[in-house]
Number of protein chains: 2
Amino acid sequence: MVTIQEVAKKAGVSTATVSRVLNNRETVREKTRVRVEQAIQELNYEPSALGRNLRNSESRLLLVLIPSISNPFYTEIINGIEDTAISKGYNILLCETDSNPAREAIYFNMVRNRLADGIILMDPTVNRKNLYDLASRHPIVQCSEFDEEGEISYVTIDNELAAYQAVKHLIKLGNRRVALINTDEKYLYARERRRGYEKALHEFGLPIESKWMRETEQLGFEGGQQAMRSLLNEADKPNAVFSVSDVLAIGAMKEIQLQGLKVPDDIAVIGFDKISFSNMTNPTLTTIAQPMYKMGSISANMIINKIRGKDVESLILDHELIIREST
Amino acid sequence: MVTIQEVAKKAGVSTATVSRVLNNRETVREKTRVRVEQAIQELNYEPSALGRNLRNSESRLLLVLIPSISNPFYTEIINGIEDTAISKGYNILLCETDSNPAREAIYFNMVRNRLADGIILMDPTVNRKNLYDLASRHPIVQCSEFDEEGEISYVTIDNELAAYQAVKHLIKLGNRRVALINTDEKYLYARERRRGYEKALHEFGLPIESKWMRETEQLGFEGGQQAMRSLLNEADKPNAVFSVSDVLAIGAMKEIQLQGLKVPDDIAVIGFDKISFSNMTNPTLTTIAQPMYKMGSISANMIINKIRGKDVESLILDHELIIREST
DNA sequence: CATAAAAATGTAATCGATTACATAAAAGAC
DNA sequence: GTCTTTTATGTAATCGATTACATTTTTATG
């Protein structure tokens, strides 16, 4: 590997001068600069980020922690993060945690080790003690999911309100038996969206019945399908379903159709996230749109500001109900 | 930040001894080891990866370059890479290139800079000169897509054969007007799958007609939908479609159904990749399954072997035709 | 042309770890 | 208890860059 020493020798200058040329710092004489640049060219020299980072203690790398890349929900968020980060001279690295504490620890350590400058966290299942410990010394922000108790900045939407509006929409269409397909309540959004669901039922004087609520372990289509199958086994079938994610909703629609029922005539379905796929189903899926790109972009800005030592404030963004054919 | 010096001081030993404890190297006396470990505990010391990597010139980090994380095709591959890499003590970082040469350059440089030990490349649109240049000095393997001319190791499937079998399946069902929905032929798989398509037509004495071939820029659903719309505008409509990806195939099915036609009765559809979604459509999608997890796992093994200086051989894995409702 | 001021470059310490080699301490042999 | 061998620990160089400070070269001034 070519080092700065070799370049310096070839150009007949000191390493300090080469470094100055590299960082176009101070005043290097035109003649010398050209000579150094030539040497760099000829030797095909690439400065070692390791040496540089060690000295500067910064890496200009951001870690983005997501539970699983297979979840389309994260796609747009990541685009937002990426565009913003790159425009500010940072690169991002995607880390899939699988909600596995051991993996999280690895990535957290990359920040402790100074391999990365900060973390954008989208995984809610992180160990709280570890999280606080990291947050106390290193830049970290949360996106979408966040810890309600801690002091860590976040950007998210009002999940309770969004769920409330979704369910209200279903009720206003005349559906009085509204089911809920939820995920594990370890997720904050799951707890909040259930609250919104219950609030809407309550407001319209409808009973909150556990026979119409399901909690699925699986976040994939199959999870939604299973939950729907179980709901359809009830003697008293629901005539509408609010699902906390599009993926689950699509699984649910699949099951409804498998059983020979029609969406929305027999059962109306509403999802959450507006993933690109939700427009490809038949019927197309009514859903709640989150400003995902914006969420990503804002969280990138937040973490960069934090890295630079500025104070940042948490934000709650607006959502939107997208009415399509499934309701 | 706590350094090894502070630990050494606290434990009353030299940094060399602390380092030995950290790497449980050689023989450190029980008593000393305990004292050092206590100091590490109390100071909450984390060794700096930067210092360590600089000295050892290795980072135990692998870069995985994909064009876009939104493409579900990569999901399983990445799982395979991740499991294997982690079991061998390497961490992976996902890099989304957007097929943008500037971004690729950034990630390539991370390897040149020794921030990462090697690259698993899944993006075909990389600049060839850059690629060869990197490959000549640093470990890199290609997964799925590869450069036909270079010497860089790869793992993939026989795309031409798979496409041939898919189209043969359509023809054997009695469809004599088989259309092709392809992507940009900058992709190797696109060129190979077209060859397989043509081979099958040729074998059954069917003409190769450009009116039944479409090339789409967009890799998303919309691309498939548009291509299908255009195909259905032909006076002489196809009665079967081979689409080079499930995503495009699903878009195509959507359009067929929008126009009031039935899959597979009016038009049979076959996809490629067996993404998880392909089982959620109505009807479910006939497709070609690639051994994605295995491809990922093998490519991780290949890159690690390369990093360790071993020679590695390219591999072509088996695929499988999954017949479902759409044909 | 001599001298002061400004600009360019060099010297060497530094970041935080690892490790060859040197030295000190413990164990074993008589 | 002394001497040798073995084991444990310390010293200092090293990885590849950056930068405060020192030194040299250039430019400006009278």
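What you are looking at is a predicted structure, and each value in this text was computed from that prediction instead of being measured. Letters A, B, ... mirror the listed sequences (proteins, then strands); counts begin at 1. Heavy-atom basis, side chains included; hydrogens, waters and symmetry copies ignored.
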Any pair with a residue in residues 61-82 of chain B that passes salt bridge (charged side-chain N to carboxylate O under 4.0 Å, His left out), sequence neighbours left out, goes on the list, sorted by first then second residue, please.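 For residues 61-82 of chain B: A:R103-B:E82.
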Pairs meeting criterion side-chain hydrogen bond (donor to acceptor under 3.5 Å, both in side chains) with involvement of residues 38-47 of chain A, two or more places apart: A:K10-A:E42
Under the rule for side chain to side chain contact (heavy atoms under 4.5 Å, CB included), what residues qualify as partners of [X], not counting sequence neighbours?
X: B:K9; result: none
X: A:D147; result: A:R128, A:L131, A:Y132, A:Q142, A:E149
X: A:D117; result: A:E58, A:S59, A:R60, A:Y90, A:I307

Using salt bridge (Lys or Arg N to Asp or Glu O under 4.0 Å) as the criterion, list what pairs up with B:R137, not counting sequence neighbours. B:D133
Contacts of A:R55 meeting salt bridge (Lys or Arg N to Asp or Glu O under 4.0 Å) (sequence neighbours excluded), chain-then-number -> none
For nucleotides 26-28 of chain D, which of its nitrogen or oxygen atoms have a protein nitrogen or oxygen under 3.5 Å away, and what is each distance?
none

Please list residues of residues 46-58 of chain A whose heavy atoms come under 4.0 Å from any atom in DNA chain C, ordered by number; otherwise none. A:L54, A:R55
What residues, two or more places apart in sequence or in another chain, satisfy side chain to side chain donor-acceptor pair (under 3.5 Å) together with A:T32?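 Listed in chain order: nothing, the list is empty.
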Results of side chain to side chain donor-acceptor pair (under 3.5 Å) for A:Y154 - residues two or more places apart only: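 If we apply the side chain to side chain donor-acceptor pair (under 3.5 Å) test to A:Y154, skipping adjacent residues, there are no hits.
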Interface with DNA chain D, restricted to residues 33-41 of chain B and to heavy atoms under 4.0 Å: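 Output list: empty, so none.
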